[in-house]
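Have a look at the structure below before the remarks.
Just so it is clear, the model here is predicted, and its values are computed rather than measured. Residue numbering restarts at 1 for every chain, and letters A, B, ... go by the order of the sequence lines.
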Number of protein chains: 2
Amino acid sequence: MRILLAEDDPDLSRQLKASLQDAGYVVDHAPDGEEAHFLGDTEPYDCVILDLGLPKIDGVSVLERWRRDGKATPVLILTARGAWSDKVSGFDAGADDYLTKPFHTEELLARLRALVRRAAGHAQPLLVCGGVRLDPRAARASVNGEPLRLTSLEYRLLHYMMLHQNRVISRTELVEHLYDQDFDRDSNTIEVFMGRLRKKIGNERIETVRGLGYRLKPLHNEVSEI
Amino acid sequence: MRILLAEDDPDLSRQLKASLQDAGYVVDHAPDGEEAHFLGDTEPYDCVILDLGLPKIDGVSVLERWRRDGKATPVLILTARGAWSDKVSGFDAGADDYLTKPFHTEELLARLRALVRRAAGHAQPLLVCGGVRLDPRAARASVNGEPLRLTSLEYRLLHYMMLHQNRVISRTELVEHLYDQDFDRDSNTIEVFMGRLRKKIGNERIETVRGLGYRLKPLHNEVSEI
DNA sequence: TGCCATTTTAAGTTTTCCTTAGGGCCCTGT
DNA sequence: ACAGGGCCCTAAGGAAAACTTAAAATGGCA
């Protein structure tokens with residue numbers, strides 16, 4: 001975990017940095033807004049602790065610039081006691097949390113844990129098979145970056161194949177997972193949709209294993225991507 | 001946006017609920033820990049406001065159970081002045097923010113905005129999707145700089161779609177977040193309002209994904225902003 | 001109370017796409 | 001080589017989902 005500490009008070013800085021390091025963080029220190037902005041722009045921090053009353057450029061401005069540039073790092077703001085209206089503008093500038101001086105180090109550490117935990121929770125599972133990608137959350141798929149336009153059944157079919165890629169999947173298995181109990185066993189729907197899928201993602205990505213079923217796999221030349 | 005307010009003080013509850021509703025939230029109220037736990041378990045809230053000093057089951061326990069069950073809804077904790085050590089245990093139980101009574105309603109609202117925004121994965125306070133902008137603070141939206149004239153429900157619909165842009169959102173999900181428990185499931189209100197929104201922000205900005213729901217996205221030629 | 005803005009219901013229309021069916025191709029085993 | 005079965009392709013019927021529109025219901029405010 002790497003943290004940027006933007007704080008101008010030398011004593012507080014030293015003490016905080018020590019506590020943070022004790023807690024296992026790697027800490028960079030910025031004594032003014034200019035330095036803070038530069039560091040936050042160039043280094044990949046897991047979290048930023050930002051004093052609002054920084055020299056050169058004030059905290060809110062620094063934060064606003066980061067957010068305008070699309071920076072998503074969680075930011076915890078520090079300020080002097082009593083200026084509660086600052087909190088509102090701080091939050092609306094894109095802060096994720098707020099702490100009023102003086103505070104207990106314990107509380108700062110607790111808030112940091114909460115922030116980092118939440119920020120890390122946004123990793124989304126993305127299914128990949130060679131150039132084919134499928135994002136179950138967005139219900140979207142693409143081939144070589146090109147978005148696919150899939151119908152509902154096409155999508156569900158591809159989804160299931162992606163989940164079980166490199167394995168031969170029988171028509172029966174597909175039917176059982178894509179439909180509810182009663183479905184005509186003599187239907188050729190699966191075949192029809194295999195054809196449509198192939199047309200959209202590329203013929204060679206779906207191999208037919210005669211008598212057994214189908215196998216989704218990456219192309220030969222794209223084996224070890226990700 | 002739908003919120004669970006878990007607070008036992010009747011006066012504070014009533015006043016808070018009113019303020020939250022004025023701010024455009026749909027609010028469910030739980031007067032004790034048991035009710036809070038049940039509601040939070042069954043209804044999909046965008047945020048929970050949780051008093052630590054609840055009857056029957058205390059706030060920290062309620063929160064711990066939710067987190068143990070994998071619930072990720074952002075939670076803001078309320079407590080009495082001075083009990084700062086509670087904050088630490090509250091955070092470590094999985095709280096995302098903390099507010100000490102008494103507080104300014106303004107500050108609560110600002111923290112809520114930040115929590116909801118961040119939980120949906122947005123760092124910036126201003127929601128942007130191509131030429132569409134929405135400012136939750138001012139409750140205003142615009143298309144290509146042109147201010148939009150939206151009714152309450154239209155605005156809330158757009159807000160939710162902006163928070164979760166590029167994701168397919170089902171009619172059920174929309175209903176659950178825009179209304180409280182009892183709403184006719186066989187209504188086509190959502191469809192009607194999708195039509196009205198489309199008329200105002202541009203047809204192609206809302207894609208319908210047959211069988212699944214709707215997706216808000218930037219136009220093709222606006223893709224590479226940010 | 002009555003008006004206006006907003007929301008909801010309802011009915012009719014359009015669009016999408018799942019399914020079916022038939023002809024043809026290819027593989028395989030005899 | 002050829003017969004038979006498995007698989008592929010295409011096109012069209014029909015049903016479900018989504019859209020549109022207008023009118024009825026609701027609710028806030030003068």
Just checking B:F38: does its CZ atom have more than 12 heavy atoms from other residues, nucleotides or ligands closer to it than 6.0 angstrom? no

Answer yes or no: is there an ion pair linking B:E173 with B:R167, defined by an N-O contact shorter than 4.0 Å? yes

Under a 4.0 Å N-O cut-off, is there an ion pair linking A:D96 with B:R118? yes

I need the residues from residues 193-214 of chain B with at least one non-hydrogen atom less than 4.0 Å from DNA chain D; give them sorted by number, or say none. B:R198, B:K199, B:T208, B:R210, B:G211, B:Y214

Counting only heavy atoms and a strict 4.0 angstrom limit, can you tell me which residues of residues 151-165 of chain A come near DNA chain D? none

Quick one: does any side-chain atom of B:E43 pair with a main-chain N or O of B:D180 as donor and acceptor, under 3.5 Å? no

Is a side-chain N or O of B:H122 found less than 3.5 angstrom from the main chain of B:L163, in a donor-acceptor match? yes

Exactly one candidate in A:V48, A:I49, A:D97, A:T73 meets side-chain contact (heavy atoms from CB on, under 4.5 Å) with A:L115; the answer is A:D97

I need the CG-P distance between B:N188 and C:dT13, as an integer number of Å. 16 Å

For B:Y179 and C:dT6, give me the distance from atom OH to atom P, rounded to whole Å. 15 Å

Please report the interatomic distance CG(B:L16) to OH(B:Y25), rounded to the nearest 0.5 Å. 12.5 Å

Test salt bridge (charged side-chain N to carboxylate O under 4.0 Å, His left out) applied to B:E7 and B:K101, step by step: CA-CA 12 Å; B:E7 164 65 53; B:K101 300 180 189 175; 3.3 Å; yes

Residue mapping more 5' on DNA chain C - nearest nucleotide basis, B:V192 or B:L150: B:L150

Applying salt bridge (Lys or Arg N to Asp or Glu O under 4.0 Å), which residue pairs with at least one partner in residues 139-165 of chain B are found, sequence neighbours left out? B:E154-B:K200

Restricting to pairs with a member in residues 203-216 of chain A, which pass salt bridge (Lys or Arg N to Asp or Glu O under 4.0 Å), not counting sequence neighbours? A:R205-A:E222, A:E207-A:R215, A:E207-A:K217

For a salt bridge (charged side-chain N to carboxylate O under 4.0 Å, His left out) check, start with the C-alpha distance between B:R68 and B:D41, then their side-chain angles and the critical distance, and finish with the verdict. CA-CA 12 Å; B:R68 197 164 48 229; B:D41 232 25; over 6 Å; no

Reading DNA chain D 5' to 3', which nucleotide is the first, and which the last, to come under 4.0 Å of any heavy atom in chain B? D:dA16 to D:dT21

B:L153 and B:Y179: CA distance, side-chain angles, deciding distance, side-chain contact (heavy atoms from CB on, under 4.5 Å) verdict: CA-CA 10 Å; B:L153 190 55; B:Y179 298 89; 3.3 Å; yes

Tightest non-hydrogen contact, residues A:A95 and A:I77, listed as CB-CD1, 3.6 Å

Report the end-to-end axis angle of the helix from C:dT1-D:dA30 to C:dT30-D:dA1; each axis comes from five terminal pairs, and the value is rounded to 10°. 30°

